[in-house]
Chemist: 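Before we start, here is the structure in question, set down as structure tokens.
First the proteins, then the strands, lettered A, B, ... as listed; each starts at 1.
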There are 2 protein chains.
Amino acid sequence: MTNNKSELDFYPTRVDSESKILPRTDPVIYSDSVSPLSKEQTSFFEENGYLIFESLFSLEEVKKLFEELAAISLDESKKTMPQFILEETEKDVRSIFEIHKISNMFDMLCQDKRISDVARQLLGSDIYIHQSRVNLKPGFDGKEFYWHSDFETWHSEDGMPNMRAISCSIGLTQNYEFNGPLMVIPGSHKKFVSCSGKTPSDHYKQSLKRQEIGTPDKQILERMALDGNIVSAKGDPGTVIFFDCNIMHGSNGNITPYPRSNAFFVFNSVHNQLVEPFCGLKPRPDYIASRDFTPIGSVDNFLTNSD
Amino acid sequence: MTNNKSELDFYPTRVDSESKILPRTDPVIYSDSVSPLSKEQTSFFEENGYLIFESLFSLEEVKKLFEELAAISLDESKKTMPQFILEETEKDVRSIFEIHKISNMFDMLCQDKRISDVARQLLGSDIYIHQSRVNLKPGFDGKEFYWHSDFETWHSEDGMPNMRAISCSIGLTQNYEFNGPLMVIPGSHKKFVSCSGKTPSDHYKQSLKRQEIGTPDKQILERMALDGNIVSAKGDPGTVIFFDCNIMHGSNGNITPYPRSNAFFVFNSVHNQLVEPFCGLKPRPDYIASRDFTPIGSVDNFLTNSD
């Protein structure tokens, strides 16, 4: 069931003609610690696969991040870097990968203990950055992003063995209900949806704009999202959502005038380092799936530390 | 400024290379009546250009409508009728026009006094159906509909002289915040946005799927929707939104599994009958812009009367 010779594949995917549901054999929470998250909060995360913290960062802090980001985005010469993913129109920037290597401020941000300590607690170990990026969803014609589990891709295309990674999204703009906010399906992280199809070579070049392989069948989504079981991550700038690597999520397009920007960090446990991709192809580039497993530190405040 | 020889054109549009804002010379409310809407409700409508009534129709009533609609939609032979507008994919039905002529139940529905009396009050006269349709926005890949004022099109392409028409949308499915609900910009009905471009012949064949001519510039939308000034029409099936013919509205796409269906009636005052289209082209077909100006009646309950 796998082309990976050195590791058992507990989550085979893209090997059949239709998608199906497999059990999750990994835990969701990897420690008994009750700090910084309370028992109630870790229980909520275990059950639902996400946690939202309204205004975890202040408007002033977000303003600094946004200024940094605006300066980077204005640099036309950077748009040719592979880290810069453009919209299908080729005009607007959709995402900037490896933002923590491009910007010292964002490097400090991912180590800010308000987020990194949460990831260490949930994953029960030291952590490193598997992926970082900033997403810029423009107003008026921001494109949708179809339902998917990140882990399904990271496992298949990056060789991430187990579900022991946490995503953290920090809103840099107001997330309204109508400007294409992140939507998650609570509880969907507790099953693995093995997807149909076969990964094409260099799939990431296309899938970062519009994912078609590695998405679940409609019937499975209907069952997971029964009776309105969808949560939108809304909130003021500075609001943070943590979500399990395997939760089903996506976002609608955005015709409103309001752009939607967020900073996105994937914390992976140092005990869950990448192996060869399970789909049998060559690994994706480092700026999408890092193979530098050096643990990150913890800083009290990203602004103080990036001065 | 107009190709229409017999009527003054107070709302020239599609004549310049850029869009601009013109004053609305027509009133919003055409009567002093305080029934069925209260003074408070008509004042709200005058100021904001819309009114939402949660569950104006019961779930049982909506069920009957939906059954009727499902039966009509299942009839493959009907899909070749011009009244049936398909999605760009050509597979799914996006809209069915003239639904009140296709179905007796929907004919009674538009006359149901819970909606028709509201339109008579706001327009201060007898009314007729300028357009009726049912919209079926499928789950998973429902397309967005960009910002526009209906009146801009009705004036330009249908020859509707004045702003004296009311739209009424009845939700047939649950309208969540995330399945592409109607969005309106409160207060935008008080100005006329003269749009850029020139109407192509038979524009409706394309514009019913994706409107590109007759849409305002981004700068104008940004100003109108400043600071989150957008309202989504959410609610249980049976929820009704009335909105002014000139309010700026649109809807996002829909990747959720939940389809979104609504019945849509445009009540026009009998004193606002269509003349030649102001864009100078031949009128759109009757099933899109009726030239049968016979006033509709008022029935107590559409179900009782369609038995």
Side-chain angles (χ1 to χ4, degrees), chain A residues 19 91-92 137-148 173-186 188 193 210-212 215-237 248-260, chain B residues 19 91-92 137-148 173-186 188 193 210-212 215-237 248-260:
Chain A
S19 60
K91 277 183 300 193
D92 295 307
K137 197 169 192 172
F140 297 113
D141 53 4
K143 295 294 176 290
E144 76 276 8
F145 217 103
Y146 197 69
W147 301 104
H148 63 287
T173 47
Q174 183 85 29
N175 280 6
Y176 296 101
E177 65 188 35
F178 38 65
N179 64 338
L182 177 76
M183 300 184 289
V184 299
I185 301 180
S188 60
V193 181
R210 177 179 289 274
Q211 185 163 5
E212 281 165 7
T215 58
D217 288 356
K218 290 180 177 180
Q219 292 81 349
I220 288 176
L221 285 170
E222 274 169 355
R223 234 180 306 153
M224 283 182 158
L226 205 63
D227 297 326
N229 182 35
I230 289 179
V231 169
S232 300
K234 295 174 289 188
D236 287 339
M248 204 56 76
H249 63 287
S251 59
N252 277 317
N254 175 24
I255 68 161
T256 78
Y258 319 116
R260 194 175 65 77
Chain B
S19 59
K91 277 183 299 190
D92 296 307
K137 197 168 192 171
F140 296 113
D141 53 5
K143 294 294 175 291
E144 76 276 8
F145 215 104
Y146 196 70
W147 300 104
H148 64 288
T173 46
Q174 183 85 29
N175 279 7
Y176 296 100
E177 65 188 36
F178 38 64
N179 64 338
L182 177 76
M183 300 184 289
V184 299
I185 302 180
S188 60
V193 181
R210 177 179 290 273
Q211 185 163 2
E212 281 166 6
T215 58
D217 285 358
K218 290 181 178 180
Q219 292 80 350
I220 288 177
L221 285 170
E222 274 170 354
R223 234 180 308 154
M224 283 182 157
L226 207 63
D227 296 328
N229 182 35
I230 289 179
V231 169
S232 301
K234 295 173 289 187
D236 288 338
M248 205 57 76
H249 63 287
S251 58
N252 278 316
N254 175 24
I255 68 162
T256 78
Y258 318 116
R260 193 175 65 79

Chemist: Measure distances from T256(A) to the heavy atoms of chain B and classify the residue's part below 4.5 Å as side chain, backbone, both or neither.
Modeler: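 T256(A) touches chain B through backbone and side-chain heavy atoms alike.
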
Chemist: Could you check whether any side-chain N or O of N252(A) sits under 3.5 Å from a backbone N or O of N179(B), counting only pairs where one atom can act as donor and the other as acceptor?
Modeler: no

Chemist: Out of curiosity, I255(B) CD1 to L221(A) CG, how far, rounded to the nearest 0.5 Å?
Modeler: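 Output value for this atom pair is 8.5 Å.
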
Chemist: Quick test of your reading: applying side-chain hydrogen bond (donor to acceptor under 3.5 Å, both in side chains), list the pairs with at least one residue in residues 226-235 of chain B, sequence neighbours left out, ordered by first then second residue.
Modeler: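 Qualifying pairs: E177(A)-S232(B), E177(A)-K234(B).
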
Chemist: Could you list the residues that satisfy ring pair (Phe, Tyr, Trp, His ring centres under 6.0 Å) with Y176(A), not counting sequence neighbours?
Modeler: F178(A), Y258(A)

Chemist: What distance do F140(A) atom CZ and Y146(B) atom OH have between them, rounded to the nearest 0.5 Å?
Modeler: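 Rounded to the nearest 0.5 Å, the CZ-OH separation comes out at 5.0 Å.
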
